[in-house]
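Structure first, then comments.
All heavy atoms count here, side chains included; hydrogens, waters and symmetry mates do not. This is a predicted model, so every value here is computed, not measured.
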Amino acid sequence: MCPSNGDACGGEGIRRRSCSCSKEDFLPEESFKSWGNYTKALKATPARFLDRLTARSGEHTELVEMKARSQHEMKKSLTWWDLMWFGIGAVIGAGIFVLTGLETKKHAGPAVVLSYVVSGVSAMLSVFCYTEFAVEIPAAGGSFAYLRVELGDFVAFIAAGNILLEYVIGGAAVARSWTSYFATLCNHHPNDFRIHVSSFPDDYNQLDPIAIVVIIVICTLAVASTKGSSRFNYIASIFHVAIILFIVIAGLTKANPKNFTPFAPYGPRGIFVASAVLFFAYVGFDAVSTMAEETKNPAKDIPIGLVGSMVITTLAYCILAVTLCLMQPYQQIDEDAPFSVAFEAVGWGWAKYIVAAGAIKGMTTVLLVSAVGQARYLTHIARTHMISPWFAKVHERTGTPVNATATMLAATAIIAFFTSLGILSNLLSISTLFIFMLVAVGLIVRRYYVSGETIPSDRNKLIICLVLILGSSIATAVYWGSSDGWIGLVVSNSIWFLSTLALWLGVPQAKKPHVWGVPLVPWLPSLSIAINLFLLGSIDKASFERFGIWTGILLVYYILIGLHASYDSVMESKTIAGEVNSSL
């Protein structure tokens, strides 16, 4: 803990920085004090990069030292009940009301239910990985903190940039869909409340001012109180569950089994292409892991909250997808508001208003939980000085990260104002799958490698097995995307199986979880890696190009600013720690 005067943790410095907006607030590190210092820092880039590339944070650092940099602590007010409803509120509403119609019509047909199963299995494997980390390292940084501990600063930063992109894009997509359903509720076409600008490119010419208003309201709720947000969320989610029950019961009374034929008009490839995009429907549970710092009993509450919400979500998605496809032929399903239009098509025009109200309520909770989660990610990243420590401030009265919340939602509003849903969803899925894959790799490293304890031969075996698992998984995805044959798939999957088996039998686990652990390690995290990479291989080339551009931007920022700021912060912490130890 910090001394009462704040000296050892830089408390006074943090207090000054978080109350103003000068250069010192945003770039307080030694490398940015002058142009001369910055020039020296740039010359030292190779050595600093090598230092940060191999550096791994410690659990104590993430749980104590990083937390102290926010000046005030977040309030521990959440239980498993809050977390489960946060999980349901974060997930149900985004995918099922946004992308089901699009993917059913263009890629999967009625087999979209299988697409949801594939995505749900992958998401559940990721939930297991996240849960172990969240119980063992209950920090606001979520996957960023986990990767810093297990894979090092550089990998964590690249993941962090994509985490932030994931949240901004996800929030923007849901905010735009909120407008579409609001228009339907008002008996208008989904695009009627948007402003068309013909001089803009096709995917960016439907301006959405309503989305901005919605995001401003969500921002106000998110900064006011985490517990208050939780109460609003589960009350709204209960209403949302009632709407889902109405959709299923009422929809099945209008079911026509003939609409399920043909079941998979686009073949197996279409099912997996849809799965990759529909993974967006499961985005949100990772936000729950960022609330571990505000949970009363992480060891008990996090497993129940995370796993319970994902089981409920997966079952709800599959039942809703079946209902939609039985109500209407897949060729006639509306891409923007599928459930509302489906009820109108079967003669229940009045029901579309109930569906639209439920969708709006669901999307509102998705935006709220996303706002809470993304702010905590940004807060913890700022604690490491990879971005400005100004974003790490926690408000003394509300116990919420006000600066981080407002900044992230401002970025979300800008993207939502311009960008179409199709552009957003594919790019979001890439970022999400990439991060989930890294978390699974991090869990294997956590179980099988402890610095200073694992002998070199076991470490080398671990590296070889991980390389083979990753390589065979990538080969499977590439072969699936480029060939209709099966020989390559048999070879690559055999390599994956044998490399996982070799890790299981040939490398002893170096660490056991203290409270709650993923079962069947290394099989479950290895399968998570394989499925996430396989789904990545189903995403279109243009989305990978945008992902590559964003990652390139992250690298430039890291080399020019993030590397030097975080390096200075670490060196300062070591100096202070040395002074404290010498005085004892």
(request) Report the C-alpha separation of Thr100 and Tyr116 in whole Å, then their side-chain angles, then the decisive distance to 0.1 Å, and conclude whether the side-chain hydrogen bond (donor to acceptor under 3.5 Å, both in side chains) test is met. (result) CA-CA 9 Å; Thr100 304; Tyr116 271 117; 2.6 Å; yes
How close do [X] and [Y] get, counting heavy atoms only, and between which atoms?
X      : Y      : value
Gly101 : Ile333 : CA-CG2, 3.7 Å
Ala211 : Ala416 : CB-CB, 4.1 Å
Cys219 : Ala406 : SG-CA, 3.9 Å
Thr405 : Ala222 : CG2-CB, 3.9 Å
Phe239 : Ala357 : CE2-O, 4.4 Å
Cys129 : Val439 : CB-CG1, 4.0 Å

(message) Between Glu344 and Lys254, does any NZ, NE, NH1 or NH2 come within less than 4.0 Å of an OD or OE carboxylate oxygen?
(response) no
Flag for [Y]-[X]: side-chain donor and acceptor within less than 3.5 Å:
X      : Y      : value
Thr179 : Asp208 : yes
Tyr317 : Ser119 : no
Asn403 : Thr407 : no

Side-chain donor or acceptor of [X] paired with backbone N/O of [Y] under 3.5 Å:
X      : Y      : value
Tyr266 : Lys105 : yes
Thr295 : Leu78  : no
Asn259 : Ala255 : no
Asp301 : Asn297 : yes
Ser122 : Val118 : no
Ser528 : Leu524 : no
Trp550 : Gly161 : yes
Arg194 : Arg176 : yes
Ser309 : Gly87  : no

Does the side chain of [Y] come within less than 4.5 Å of [X]'s, by heavy atoms?
X      : Y      : value
Met291 : Ile302 : no
Tyr353 : Asn187 : yes
Cys325 : Phe260 : yes
Leu164 : Met408 : yes
Ser115 : Phe272 : no
Thr365 : Phe86  : no
Val214 : Phe182 : no
Met437 : Leu433 : no

(request) Kindly indicate, with the supporting measurements, whether the criterion side-chain contact (heavy atoms from CB on, under 4.5 Å) is fulfilled by Phe547 and Phe434. (result) CA-CA 10 Å; Phe547 177 74; Phe434 175 69; 4.0 Å; yes
(request) Could you walk me through whether Tyr557 and Phe157 pass the side-chain contact (heavy atoms from CB on, under 4.5 Å) test, one step at a time? (result) CA-CA 11 Å; Tyr557 169 84; Phe157 174 79; 3.5 Å; yes
(request) Kindly determine whether Leu83 and Thr79 satisfy side-chain contact (heavy atoms from CB on, under 4.5 Å), including the steps that lead there. (result) CA-CA 6 Å; Leu83 296 181; Thr79 65; over 6 Å; no
(request) Using the side chain to side chain contact (heavy atoms under 4.5 Å, CB included) rule, pick out the option among Ser180, Pro209, Cys186 that qualifies with Phe193. (result) Cys186
Point-to-point distance, once rounded to the nearest 0.5 Å, from [atom1] of [X] to [atom2] of [Y]:
X      : Y      : atom1 : atom2 : answer
Leu324 : Ile319 : CG    : CD1   : 14.0 Å
Leu320 : Leu315 : CG    : CG    : 11.0 Å
Ile304 : Trp81  : CD1   : CH2   : 12.0 Å
Ile235 : Lys361 : CD1   : NZ    : 9.5 Å
Leu207 : Ile212 : CG    : CD1   : 9.0 Å
Leu221 : Ile216 : CG    : CD1   : 12.5 Å

(message) Centroid separation under 6.0 Å, is that true for the rings of Tyr377 and Phe144?
(response) no
(request) Using the side-chain contact (heavy atoms from CB on, under 4.5 Å) rule, take Cys318 and Val117 through it: C-alpha gap first, then chi angles, then the decisive distance, then the call. (result) CA-CA 7 Å; Cys318 292; Val117 170; 3.7 Å; yes
